[in-house]
Structure formats: C-alpha cells, structure tokens
Amino acid sequence: MDDCLFCGIIEGKIKGDIVYRNDNVVAFKDVSPKAPVHILIVPRKHIATLLDATVEDHKLIGEVFGVANRLAEEHGIAKSGFRVAVNCGAGAGQSVFHLHFHLLGGRAFSWPPG
Ligand code: AMP
C-alpha cells in the first residue's frame with residue numbers, strides 16, 4: 001500500500017534496521033525501543049489491524065509466532081522471558097495501521113500492561 005510506513009520498509013523504500021526476512025514476514029528493530037530488545041515482526045501482506053485478518057491469514061499469523069521464537073533465541077531473550085504484543089486499534093495504542101507484532105525482552109515486565 002502506497003502510503004503505509006511498514007509497506008515502505010518491507011519494500012526497501014524506507015530505511016529499516018531489518019533483522020529477519022522470509023517470503024511472508026519481515027522483522028526490524030523498533031525505532032523507539034521500549035525494552036533492550038524490541039523487534040517488530042510484520043507480515044509482508046498489508047493487513048491494517050488484527051481485526052482485519054481473515055481465516056486465510058491464520059497460517060501467516062502462526063508463522064509470525066514461529067519467527068518470534070527464533071528471534072527470541074537469536075537475541076538472547078528466550079530463557080529470560082519475552083513478550084509478544086499486538087495493539088489492535090487506536091484505543092489499544094496502535095499507531096501504525098499495518099499489522100505488526102512487538103517482540104519485547106531483556107527486562108522485567110509488569111502485568112497487566114498499562
Ligand atoms: P503500534 O503503536 O503498536 O502501532 O506500534 C508501532 C511501532 O512502530 C511503535 O513502537 C513505533 O516506535 C514503531 N515505529 C514507528 N516508526 C518506525 C520506523 N520508521 N521504524 C521502526 N519502527 C517504527
């Protein structure tokens with residue numbers, strides 16, 4: 001999608017600190033990290049929010065969690081614990097309307113989140 005920031009990063013038109021890519025998913029470091037490890041795992045397919053994902057997207061979303069596990073291992077946060085979070089809609093804090101999964105680790109997290 002032309003005016004989408006994350007599509008721009010995925011397509012290489014906008015600079016991103018990419019740490020992983022395959023045919024379906026791209027992962028890059030969050031520009032404003034909220035933890036020592038803060039990576040965004042982003043389906044290449046433009047899906048605006050989690051609510052817009054269809055049954056056909058469920059396999060893709062499952063793949064995202066496999067990538068999260070792999071990146072957690074690679075970035076040294078698998079054993080200490082990590083969080084995968086999705087903000088769905090502005091009310092939940094979503095600011096970029098291309099579905100993405102936050103992989104956060106390297107510090108202690110409280111629950112419930114703020
Ligand atoms: P959310 O608020 O859940 O939509 O998350 C959007 C995330 O994208 C935020 O954590 C931002 O810090 C991050 N972000 C915004 N612009 C960029 C960018 N150009 N490169 C990497 N991350 C970004």
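Start at 1 and go down the list; that is how both ligands and their atoms are numbered.
- Checking only distances, Phe6 never comes within under 3.5 Å of ligand 1, N or O to N or O.
- Within a 6.0 Å sphere centred on CZ of Arg21, heavy atoms belonging to other residues, nucleotides or ligands number 12 at most.
- Each of the atoms 21 (C) of ligand 1 lies under 4.0 Å from some heavy atom of Phe28.
- If you look at Val86 next to ligand 1, there are no close heavy atoms at all, none under 4.0 Å.
- Closest approach of Phe82 and Asn69 over heavy atoms only: CZ-OD1, 3.7 Å.
- For atom 6 (C) of ligand 1, the closest non-hydrogen atom of the protein is His100 NE2, 3.4 Å.
- Once rounded to the nearest 0.5 Å, the distance linking CD1 of Ile14 with CG of Leu5 reads 5.0 Å.
- The protein non-hydrogen atom at the shortest distance from atom 4 (O) of ligand 1 is Ser95 N, 2.7 Å.
- Proximity of Phe101 to ligand 1, defined as any heavy-atom pair under 4.0 Å, is not found for any part of the residue.
- In terms of polar-atom proximity, His38 is not counted as a contact of ligand 1, lacking any N or O under 3.5 Å from an N or O of the ligand.
- Closest protein heavy atom to atom 23 (C) of ligand 1: Val31 CG1, 3.4 Å.
- Atom-to-atom distance recorded for Tyr20:OH and His75:NE2 is 11.5 Å, nearest 0.5 angstrom.
- Nearest protein heavy-atom neighbour of atom 16 (N) of ligand 1: Leu5 CD2, 3.4 Å.
- A donor-acceptor pair under 3.5 Å is formed between the side chain of Gln94 and the backbone N or O of Ala48.
- For ligand 1, the atoms sitting less than 4.0 Å from at least one non-hydrogen atom of Lys29 are 21 (C), numbered in the order shown with element in parentheses.
- Between Gly93 and ligand 1, at least one pair of N/O atoms sits closer than 3.5 Å.
- The aromatic rings of His98 and His46 lie perpendicular to each other, with more than 60° between the two planes, well past the 30° mark.
- For ligand 1 and Ser32, the ligand atoms under 4.0 Å from any heavy atom of the residue are 12 (O).
- Ligand 1 lies out of reach of Phe97, whose nearest heavy atom is not under 4.0 Å from it.
- In terms of modelled atom types and a separation under 3.5 Å, the side chain of Arg83 and the main chain of His102 share no donor-acceptor contact.
- For the pair Leu104 and His38, the minimum side-chain heavy-atom distance is below 4.5 Å.
- For the atom pair CD1 of Ile61 and OG1 of Thr54, the computed distance is 8.0 Å after rounding to the nearest 0.5 Å.
- At under 3.5 Å, a nitrogen or oxygen of Asp30, whether backbone or side chain, sits near a nitrogen or oxygen of ligand 1.
- Counting heavy atoms closer than 4.0 Å to ligand 1, residue Asp17 contributes nothing at all.
- Contacts with ligand 1 closer than 4.0 Å are made by side-chain heavy atoms of Ile9 only, the backbone lying farther away.
- Atoms CG and CD1, from Leu71 and Ile41 in turn, are 5.0 Å apart once rounded to the nearest 0.5 Å.
- Residue-level proximity to ligand 1 for Asn87 is carried by the side chain, the only part with a heavy atom below 4.0 angstrom.
- Rounding to the nearest 0.5 Å places CE of Met1 at 14.5 Å from CZ of Phe6.
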